[in-house]
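A quick write-up on the structure given underneath.
Remember, predicted model here, so these are calculated numbers, not experimental data.
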Amino acid sequence: MSTELADIHDFIKVIEPFNQVSESTIGQIINQISICYVREGEPLPPQGIDKPSLYFLRKGALAYFNVDDDGNDELLGKYGEGDICSVFCRSDRKENIKVIPEEDTLLCVIDYEELKAIIKDYPDVYAFFMNTAGERLQSKVASINEEAIVSSTLMNMSIADFYHSPAVTINCEQSIQDAAIKMTELGFSCLVVVDNEELAGIVTDKDLRRRCIAEGLSVSQPVTDIMTTNLQLIDVNHSAHDALIKMTSQRIHHLPVTKNGKLAGMVTVTDLMNQEGLNAVNMASTIRKANTVCELAKIAALLPKLQIRMAKLGTTADHVGKTISAITGSFTMRLIDMAEKQIGPAPVPYAWMAAGSQARQEQFAHSDQDNALIISDDMKPEDDKWFADLAKFVSDGLAACNFIYCPGNVMATNPKWRQPAKVWAQYFDKWINQPEPLALMNGSIFFDLNTVCGDESLLAGVREKMLLKTQTNTLFIAHLSGNALKLRPPLGFFRDFVLVSNGKNKKALDLKHNGIAPIVDLARIYALSEGIEVVNTIDRLRQAAGTPSLSSKSAANLIDAYEFLGMLRVEHQARQLQANIDPDNYLLPKEISRLEREHLKDAFKVIKTMQSSRQTTYS
């Protein structure tokens, strides 16, 4: 191999995703590569290259633009050394796209059809080029979820700790419709089919979709027509790891559990994934037994260690957020119990509410506290003294547990956020009917509320009235959308810097404000538009999917982007916590691999697409 070919070989083999292919495949790619030199300002594709082609940047820099109807250029991204430019892979590429070298640039060029033929035996590499940004993200997030399962400590746990009993059955003579009705009523995703008390098969949600609805099968036909007959079983004496291996190897999500040869229950993949939550249960139990704020503070010191452990085990960001939020709720409830023992029982019913990330169940360790009180309308003026004392005790206690005071004073210690239900209803009326900047800022916090302790009907009553108004007030939704669009994801990465929208490079990416927050804002808008009560971001997106506000595909793409960004945030903060550094959201590009950068770009594309759609709707 000549020196030049050896240099190209060494250059190509370390570029994602080509580092996944064999040496012989790299050799085939090199044989099809041509070297192209383009001068600064000369548009791509270079003269003489008419077929769809892929470009590897050996040296130099390219700028990628969208050209609007007036001929104005909008910078979409930049490419530097080692980057892959796939803009010219499609023969039907848009005419309003252009790529210009910002400096003299050396390119390796390969015919796209030739490349596809060479990498056809590498499905992951092939999919990298053939799939959309949303599809690549979906594949990555699915991989993350699988790793979350296999990385857990299931080896030392019995299946008896996980399975649900009894397993629900249906007779083989009953219809497909009977099965669907029973699963819906019970909220189950599968049923075991029995024939004279003998196990005959299993029917799942997936079977209903693929073998009945997709095939146009009549729902009056027997359930045996769509059930899986090759029933996999596991004895209760096996380990949880054995169950995981069986489900993984057989590509199944539901596994009936037997005891002494008889059907005893059912275990699912979700049950195994959530096993790490047992640590949160143990911590919550310890919190309930604490008698002083000092004891609670000692327990709270373990939270960073829990977050580090969950990150090391590959736990998803959604699971981490729900676990930390639940533990924060346990601290709050114990402090309320302590306060009531000290100041006496409440004069009237009330609800202690979490706002922001805790309400959405998306809180991480070292978060500040956002809370408020909704009090019964039977409250008398003199009752406020009791609630003020409660708020001070709880907020001070949370601060002692390292949940710092809210910098914006969004706490129940602030009289403004310690009010009867009728006043809260007035707040929401004003925020919705007069969507001024301050109202929108308050709305971004208080439209995400959850009852931690107390009378849940107080918040439910206020929320019901509020959602009736948000569904019909298009002006409010338009203003909320405009406010949400102020947070934009960056254009991408360029030479270890984050490329921001004004064309200036910054060193670190703000994962929260430039990635996660825009999705949180969009999910809130969809929920308020459709009258959806839940406040968790993923739950909002799932419930909004298929509504006039959000297509099912777009919802799935946003969920994948949110989970991927959350994963990066969990891992970044775990590294900081382990190094005894206060966690933040600022990720340096050099902290992650080149492939993860590509997935980040995919996440940015998904967010930008949905923001553009929102902007078009309310422009």
Side-chain angles (χ1 to χ4, degrees), residues 15-16 57 61-64 74-85 102 133-134 136-137 140-141 143-144 307-308 311 316-318 320-321 357 362-367 444 484-523 537 557-579 581-612:
I15 297 177
E16 297 278 4
L57 267 76
L62 301 176
Y64 173 33
E74 177 193 6
L75 181 65
L76 299 180
K78 291 188 179 183
Y79 302 96
E81 293 87 345
D83 286 339
I84 298 173
C85 176
E102 289 196 320
R136 285 194 295 267
L137 265 182
K140 176 62 179 177
V141 170
S143 173
I144 292 170
Q307 184 168 324
I308 292 169
T316 64
D318 180 53
V320 173
S357 61
E362 297 162 6
Q363 189 177 41
F364 287 177
H366 289 279
S367 295
S444 67
L485 296 178
K486 292 177 181 177
L487 292 177
R488 296 277 188 171
L491 301 174
F493 305 97
F494 181 66
R495 293 173 175 168
D496 282 335
F497 286 88
V498 178
L499 187 66
V500 295
S501 58
N502 62 5
K504 295 180 180 178
N505 293 326
K506 291 188 177 179
K507 202 167 186 181
L509 167 68
D510 186 342
L511 284 169
K512 181 177 179 181
H513 291 100
N514 294 131
I516 293 170
I519 302 176
V520 171
D521 288 342
L522 286 169
T537 297
N557 287 343
L558 281 172
I559 289 171
D560 288 336
Y562 184 78
E563 291 194 313
F564 179 70
L565 288 163
M567 180 271 292
L568 291 181
R569 187 184 182 201
V570 166
E571 293 178 348
H572 167 69
Q573 291 196 0
R575 289 191 292 268
Q576 291 179 312
L577 288 168
Q578 198 155 23
I581 299 171
D582 287 342
D584 59 32
N585 299 295
Y586 297 100
L587 179 73
L588 293 170
K590 65 182 180 181
E591 287 186 44
I592 59 176
S593 69
R594 185 177 290 273
L595 184 58
E596 284 178 318
R597 293 193 203 183
E598 292 302 318
H599 288 311
L600 256 179
K601 291 178 186 177
D602 290 337
F604 298 158
K605 289 176 185 175
V606 166
I607 298 168
K608 286 175 184 175
T609 298
M610 297 312 300
Q611 286 185 327
S612 297

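Between Leu57 and Gly80, the closest heavy-atom pair is CB-O, 3.4 Å. In terms of heavy atoms, Gly82 sits closest to Ile15 at O-CG2, 3.8 Å. The two residues Val570 and Ala311 make their nearest non-hydrogen contact at CG1-CB, 3.5 Å. In terms of heavy-atom proximity, His513 sits nearest to Pro518 at O-CD, 3.6 Å. Nearest approach of Leu577 to Pro583, heavy atoms of both residues: CD2-CD, 3.7 Å. Scanning both residues, Phe493 and Pro589, for their nearest heavy atoms gives CD2-CG, 3.8 Å.
Salt-bridge check for Lys140 with Asp560: failed, with every basic side-chain N at 4.0 Å or more from each acidic carboxylate O.
Using a 4.5 Å cut-off on side-chain heavy atoms (C-beta onward), Leu491 and Leu76 make no contact. The side-chain heavy atoms of Phe604 and Leu509, taken from C-beta on, include a pair separated by under 4.5 Å. Side-chain contact between Ile559 and Ile519: absent, with no pair of heavy atoms (C-beta onward) separated by less than 4.5 Å.
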side-chain contact (heavy atoms from CB on, under 4.5 Å), that's the test. Do Asp83 and Arg594 meet it? Break it down for me. CA-CA 9 Å; Asp83 286 339; Arg594 185 177 290 273; 2.8 Å; yes
Could you walk me through whether Ile607 and Leu565 satisfy the side-chain contact (heavy atoms from CB on, under 4.5 Å) test, starting with their C-alpha distance in whole Å, then the side-chain angles of each, then the deciding distance to 0.1 Å, before giving a yes or no? CA-CA 11 Å; Ile607 298 168; Leu565 288 163; 4.0 Å; yes
Asp584 vs His572, test: side chain to side chain donor-acceptor pair (under 3.5 Å). Steps then yes/no. CA-CA 8 Å; Asp584 59 32; His572 167 69; 2.8 Å; yes
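Applying the side-chain hydrogen bond (donor to acceptor under 3.5 Å, both in side chains) test to Glu362 and every residue at least two apart in sequence or in another chain returns Arg360, Thr537, Tyr562. Applying the side-chain contact (heavy atoms from CB on, under 4.5 Å) rule to Asp602 yields the partners Ala133, Arg136, Leu137, His599, Lys605; only residues at least two apart in sequence or on another chain are considered.
Summarising the geometry, atom CD belonging to Glu591 is positioned 7.0 Å from atom CD belonging to Gln576; distances are rounded to the nearest 0.5 Å. Here CG of Leu568 is found 5.5 Å from CD1 of Ile592. Values are rounded to the nearest 0.5 Å. Here the straight-line distance linking atom OG1 of Thr609 with atom CG of Asn557 works out to 8.5 Å at 0.5 Å rounding. The NZ atom of Lys590 sits 5.5 Å away from the NZ atom of Lys507 when rounded to the nearest 0.5 Å. With values rounded to the nearest 0.5 angstrom, Arg575 atom CZ is found 10.5 Å from Gln573 atom CD. If you take CD1 on Ile84 and CD on Glu598, they are separated by 6.5 Å, rounding to the nearest 0.5 Å.
Although no hydrogens or angles enter the test, the distance criterion places no donor-acceptor pair under 3.5 Å between the side chain of Lys512 and the main chain of Tyr586. Checked by atom type and distance alone, the side chain of Glu563 never pairs as donor or acceptor with a backbone atom of Val141 at under 3.5 Å. Side chain of Gln611 to backbone of Leu522: no donor-acceptor contact under 3.5 angstrom is found. Judged purely by atom type and a 3.5 angstrom limit, Asn514 uses its side chain to pair as donor or acceptor with the backbone of Arg488.
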